S.K.: 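My structure is below; once you've seen it, I'll send some questions.
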There are 2 protein chains.
Amino acid sequence: VNNPSAHHPADAADRLSRLPVEEAAQVLRELPPPEAAAILSEVEAGQRTELAAALTPSGLAEAVEVMPHDRAADMLADLPDQERQQVLQALPAASREQLTRLLQYPPDTAGGIMSDRFLTLSADQTVDAALEQLRQLAEGLEAQSISYLYVTDAQERLVGVVPLRELVFSRHDRRLREIMNPDVKRVSVKDDQEKIAHLFEHYHYMALPVVDSEERLVGIVLANEVIGIVQHEATEDMQLMVGLSGEERVLTPWKTSLARRLPWLCINLATAFVAGAVVGIFESTIAAWSALAIFLPVIAGQGGNAGMQTLTVIIRDLALGELSPGDGWRALNKELLLGLLNGIAIGLVVAIVGYIWKGSGLLGLVVGLAMLLNMLAAALSGVLVPYGLRALRIDPAMASSILVTTVTDVAGFLFFLGLAALAMN
Amino acid sequence: VNNPSAHHPADAADRLSRLPVEEAAQVLRELPPPEAAAILSEVEAGQRTELAAALTPSGLAEAVEVMPHDRAADMLADLPDQERQQVLQALPAASREQLTRLLQYPPDTAGGIMSDRFLTLSADQTVDAALEQLRQLAEGLEAQSISYLYVTDAQERLVGVVPLRELVFSRHDRRLREIMNPDVKRVSVKDDQEKIAHLFEHYHYMALPVVDSEERLVGIVLANEVIGIVQHEATEDMQLMVGLSGEERVLTPWKTSLARRLPWLCINLATAFVAGAVVGIFESTIAAWSALAIFLPVIAGQGGNAGMQTLTVIIRDLALGELSPGDGWRALNKELLLGLLNGIAIGLVVAIVGYIWKGSGLLGLVVGLAMLLNMLAAALSGVLVPYGLRALRIDPAMASSILVTTVTDVAGFLFFLGLAALAMN
């Protein structure tokens, strides 16, 4: 624990993240800046900002200077304005300019995740000249950033791509324009990272160039970085569904967790009281027919689980970009059909159990019918909640399980106790 | 829709997946085998098998011949024994042998996901000879599969790695053993794909070589393929939690969805009846004090949501490989602390609302205390359920939300109605 720099920076970062922030910052301060930077790059985004705040601006500037710029920018973006300016001022002019440019892009866009370490070649260069340029400049770049070489024109606009292999095995006097592929897939600097992840998954890209609004090449995104993005997006979706921040980890300090979870628990509490109020409307019915209370958790629990099944399928397909415009209706029809069929099956079982348990055919009928109706409500809300949130330009996963279970609780109790009240009259 | 081959095979596969199986198979049959194979490679695994079953063994053999072997193997693995043998027999001997070897590895291991299209060089080769070999053999390989070149000894054992860049810029008379990096990170052919995804994410690899038990190089895994694996694993976890198959999509045929969901709904129903039975024990209490029924959904809903929060954090951290052995205890302590603090806050609110709503201080006390205790039960079960499942060698996500909400329902009702019964005496 005392020497987290012994192995790979990612492992050192892991060990660092298990220390209290002050102690971790102390370890970083004692390391040579390149090592500290390498470790800082590997720390989870949230914790990286905390650590950055514990370092001095000049120490931070030394680290930023050797970090991948996309991560340095994420870290700087989260610092208070004044501290960020101090760090930027402490940087050499070239780095300051590059980072200032990256800082204008939101962290979850192509601009926020792209690397600005790439090589560009010119279409008029010969293969020989290009190889010579590579030999001189490639030292500072990772091997993977030169598997694909991008060709730009005089205005820095992206006009072609040449795999390194192609370059190596072409006649040395040919011009790049003759061997490059002019049909380069690209993304815009403003594109959302979820869309980019989808492109990588769908088309199996190893790298994608990023262009600005004038089609100028401004960065590249590599497949190995997309893996982390995909994990991050999936974590976020799973967490948002149940009222978590999207960033929480087991190692997140309890104070942070508490501050993030409690508001959602309060919202959930409010919805639970709505369900309670529905029961309250029928308090006299329950007072007269106490066996009804036994079936409240059955109606609510079963509706909630069915709703979560539907919701999970929809949220995930939306995130994976697998749904075309017409698919929403397709999903609704399918889920309603499943709700109907599952509802008939489960409703029958519940009705029979209700009849046998309490010896009342009327109770069986009421609870079975309510179950069937609630399964339909579950299907409906499982589809409409995520699509509705999206229509409101909110993340479709946001608190969606809280909303769906509210619907299934409220609708389920209304159906069940309403039918029971009718049956009693 | 009539001509799904017009664009990228992945897009064609998307359109194909929206057609009925028979129609889709018809489209494939009419395409030239290389195109059909390219599209078949891009279809979702489940649907690929359905389509494969609709093609003739000889047609399938033609397609398999040009597909990436890892996907061909997945597809063949799911076919009935007899049909698989027919396809294998229709293949040329070399392909048959390669595929038979791949078929021995489970699809979710390194052996199941690796590509067998890679080049090996020998440590005694000169740079010049290696480049010449590349020039001749690299044609059939994707550009990315030669970014890193692997060096093997006479027994095919992996002994080093050379980035293509290094090869290109080294003196042509040097031997590979002088320029290669002998410290090659590798995975075993038996390693689980989740572990491999974690390695790629943690260390940002672009490629990892796969070796068998004798350290012989048998395949490579590339970062771009890992993206799909990561998505698949995340989908599976999200779905298993709520009682889905892990493979379900909006476009999954309703009969398949019904057959997969109904068993889990029945299991959930059984657990819901357990919760109902707990209420049943206290039926006379409720009959005498009907206001209690109003708070049943509050206790259950709030406990369920808190339990899901804890569960989601644990499941995700387990899947991301972020938890070291000691972290389980750390998680348990943190979650119990959060349960206590959230429980006090939420318990107080519930107690006050209970008191005001029903004008009974006793009711407020009972429901507030039960709420606090149920938040602790939620924390406990949110940690113990996934760890318990893992200890039983079951996927920690499997039906975990069903189990956790059962605990919070049962424990919540026991606390609440038990305390209420005590208070009434």
Side-chain angles (χ1 to χ4, degrees), chain A residues 10 135 143-144 146-147 163 165 168-169 200-204 206 223-224 226-228 230-231 234-235 238-239 242 244 248 250 254 257-258 261 265 268-269 272 275-276 279-280 283 286-287 290 293-294 296-298 301-302 305 308-309 312-313 316-317 327 331 334 337-338 341-342 346 409, chain B residues 10 135 143-144 146-147 163 165 168-169 200-204 206 223-224 226-228 230-231 234-235 238-239 242 244 248 250 254 257-258 261 265 268-269 272 275-276 279-280 283 286-287 290 293-294 296-298 301-302 305 308-309 312-313 316-317 327 331 334 337-338 341-342 346 409:
Chain A
R135 190 192 314 263
Q144 61 264 28
I146 62 162
S147 292
R165 175 185 62 173
V168 171
F169 297 135
F200 270 92
E201 192 203 352
H202 196 62
Y203 299 112
H204 316 294
M206 285 301 276
N224 58 347
V226 175
I227 294 171
V230 162
Q231 293 285 37
T235 306
M238 288 176 76
Q239 292 201 354
V242 297
L244 289 164
E248 192 168 330
V250 164
W254 67 265
S257 297
L258 188 71
R261 289 193 201 177
L265 285 173
N268 189 63
L269 184 61
V279 177
E283 196 183 323
I286 294 171
S290 59
I294 295 176
L296 290 177
V298 176
Q302 196 66 359
N305 187 218
M308 285 294 288
Q309 287 185 336
T312 302
V313 171
R316 195 58 186 146
D317 266 27
D327 289 343
K334 176 184 155 186
L337 178 63
L338 287 177
L341 297 173
N342 281 328
I346 299 289
D409 278 6
Chain B
R135 191 192 313 264
Q144 61 264 26
I146 62 161
S147 292
R165 174 185 64 173
V168 171
F169 297 135
F200 270 92
E201 192 203 352
H202 196 63
Y203 299 111
H204 316 294
M206 285 299 277
N224 59 348
V226 175
I227 294 171
V230 163
Q231 293 286 36
T235 306
M238 288 176 77
Q239 293 201 354
V242 297
L244 289 165
E248 192 169 330
V250 165
W254 66 266
S257 298
L258 188 71
R261 290 192 201 177
L265 285 172
N268 189 63
L269 184 61
V279 177
E283 195 182 324
I286 294 172
S290 59
I294 294 175
L296 290 177
V298 177
Q302 197 66 0
N305 188 219
M308 284 296 286
Q309 288 186 334
T312 302
V313 172
R316 195 59 187 144
D317 267 28
D327 289 342
K334 175 184 156 186
L337 178 63
L338 287 177
L341 297 172
N342 280 327
I346 298 288
D409 278 5

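Numbered from 1 within each chain, the chains take letters A, B, ... in sequence-line order. What you are looking at is a predicted structure, and each value in this text was computed from that prediction instead of being measured.
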S.K.: Flag the one option from A223(B), A275(B), A287(B) with the top tally of heavy-atom pairs under 4.5 Å to chain A.
M.R.: A223(B)
S.K.: As an exercise: rank V168(B), V298(B), V242(B) by heavy-atom pairs under 4.5 Å with chain A and give me the winner.
M.R.: V242(B)
S.K.: Top residue by heavy-atom pair count (under 4.5 Å) with chain B, among G276(A), G228(A), A331(A)?
M.R.: G276(A)
S.K.: State which residue, out of Q239(B), E248(B), Q231(B), fulfils the side chain to side chain donor-acceptor pair (under 3.5 Å) condition with R316(A).
M.R.: Q231(B)
S.K.: Using a 4.5 angstrom heavy-atom cutoff, name the option from A234(B), A272(B), G301(B), A10(B) with the most pairs to chain A.
M.R.: A10(B)
S.K.: If you count heavy-atom pairs within less than 4.5 Å of chain B, which of M238(A), R261(A), E201(A) leads?
M.R.: R261(A)
S.K.: Taking side-chain contact (heavy atoms from CB on, under 4.5 Å) as the criterion, tell me which of N342(B), L338(B), L337(B), L341(B) meets it with S257(A).
M.R.: L338(B)
S.K.: Testing the basics here: between A293(A) and I286(B), what is the closest heavy-atom pair and its distance to 0.1 Å?
M.R.: CB-CD1, 3.8 Å
S.K.: If you take all heavy atoms of E283(A) and S290(B), which pair is closest and at what distance?
M.R.: OE2-OG, 3.1 Å
S.K.: Counting C-beta onward and ignoring hydrogens, is there a side-chain heavy-atom pair between I346(A) and L269(B) closer than 4.5 Å?
M.R.: yes
S.K.: To the nearest 0.5 angstrom, please state how far the CG atom of N224(B) sits from the NE2 atom of H204(A).
M.R.: 7.5 Å
S.K.: Has Q302(A) got a side-chain atom pairing as donor or acceptor with L265(B)'s backbone, closer than 3.5 angstrom?
M.R.: yes
S.K.: Going from CD1 on I227(B) to CE on M206(A), what distance comes out if it is rounded to the nearest 0.5 angstrom?
M.R.: 8.5 Å
S.K.: For chain A, which of T312(B), L258(B), D317(B) has the most heavy-atom pairs under 4.5 Å?
M.R.: D317(B)
S.K.: Among L296(B), T235(B), D409(B), which residue forms the greatest number of heavy-atom pairs with chain A at distances under 4.5 Å?
M.R.: T235(B)
S.K.: Taking all heavy atoms of K334(A) and all of W254(B), pick out the closest pair and write down the distance.
M.R.: CG-CB, 4.0 Å
S.K.: Could you measure the distance from the CG atom of N268(A) to the CD atom of Q309(B)? Nearest 0.5 Å is fine.
M.R.: 8.0 Å
